[in-house]
Amino acid sequence: MVQRVIVEHRGCGYGCFTTLAIIIVAALLIAVLPYVGAVAAGAGLYFLMRYIWQQYVQQRPDASFVQWGLKFAPITRKIMAALLCCALAASLMVAFAVRAGMSAETGAAGTATSEQQEEPRSRNEPEPGQREESRSTVTTSFVPADSEFSARLRISA
C-alpha cells in the first residue's frame, strides 16, 4: 500500500511579509532616533539643572539668586526647569525636522540641476581632442533554434 505524504508549504508570502515588516520597523526606528535623542537631551538637562541648583544652594545660601529662587515652592521650581528643558527638546526636534526637509529639497534640486547641465552626447561622437576615426558596429541577434540559422551576425561600417 502506498502512503501519502502531505507537505505543508507556507509559500513566499510569509517570508516576504516578515522581511517587509522588519524593514519597515527598522526604517521607523532610524527615522525616530534623532527625536529620541532630543528628548533624552532634554531629560538629561533637567536632572543636570536640578543638581546644579542643589549644589549652588548648599554652597551659597545667601546669594540673591538663591533667595529669589527659594521664594517659589519646590514644585514651581521643578516646573520652571521642566519648561526650559521641554523648550530645548522641542527646538532640537524642530532643528532635526528642518534639516531633514532641507536635505530632501537640496537633494531633489541637486539632481534636477545636474540633469539639466548635462548635454546629451552621441554614442559615436568623438571626445574633445580626439581625431575622428571610422568605427564599426557589431550587432548580434538570435532567432529561434528551429530556424535554419541559429544566429545572425551583421557588421556595419
Show which residues join Tyr46 in its hydrophobic cluster (side-chain heavy-atom contacts under 4.5 Å, direct or indirect), or state none.
->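 Same cluster as Tyr46: Phe47.
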So, taking the atom named [atom1] in [X] and the one named [atom2] in [Y], what distance separates them when rounded to the nearest 0.5 Å?
| X | Y | atom1 | atom2 | result |
| --- | --- | --- | --- | --- |
| Leu33 | Phe96 | CG | CZ | 9.0 Å |
| Met80 | Met49 | CE | CE | 8.5 Å |
| Ile24 | Leu29 | CD1 | CG | 12.0 Å |

Side-chain contact test, heavy atoms from C-beta onward, threshold under 4.5 Å: evaluate it for Leu70 versus Val66 and give yes or no.
->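 Yes, at least one pair of side-chain atoms sits under 4.5 Å.
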Are any of the side-chain heavy atoms of Lys78 and Arg50 separated by less than 4.5 Å?
->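 The answer is yes, as the side chains (C-beta and beyond) meet within the 4.5 Å cut-off.
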Looking at every heavy atom in both [X] and [Y], which two are closest together, and how far apart are they?
| X | Y | value |
| --- | --- | --- |
| Asp62 | Gln67 | CA-NE2, 4.1 Å |
| Leu45 | Cys85 | C-SG, 3.7 Å |
| Ala38 | Ala89 | O-CB, 3.6 Å |

Any chain of hydrophobic side-chain contacts (each under 4.5 Å) joining Ile79 to Trp53?
->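 Ile79 does not cluster with Trp53.
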Indicate, with yes or no, if Leu20 and Leu28 share a hydrophobic cluster defined by side-chain heavy-atom contacts under 4.5 Å among Ile, Leu, Val, Met, Phe, Trp and Tyr.
->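 They do share one cluster, since a chain of ILVMFWY contacts under 4.5 Å joins Leu28 to Leu20.
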Answer yes or no: is there a donor N or O on one side and an acceptor on the other, between the side chain of Gln59 and the main chain of Gln54, under 3.5 Å?
->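 No.
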Heavy atoms of other groups near Tyr35 OH, more than 12 under 6.0 Å =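 Count over threshold, so yes.
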Please state whether the rings of Phe72 and Trp68 are parallel, tilted or perpendicular, taking 30° and 60° as the class boundaries.
->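 Rings of Phe72 and Trp68: perpendicular, as their planes differ by over 60°.
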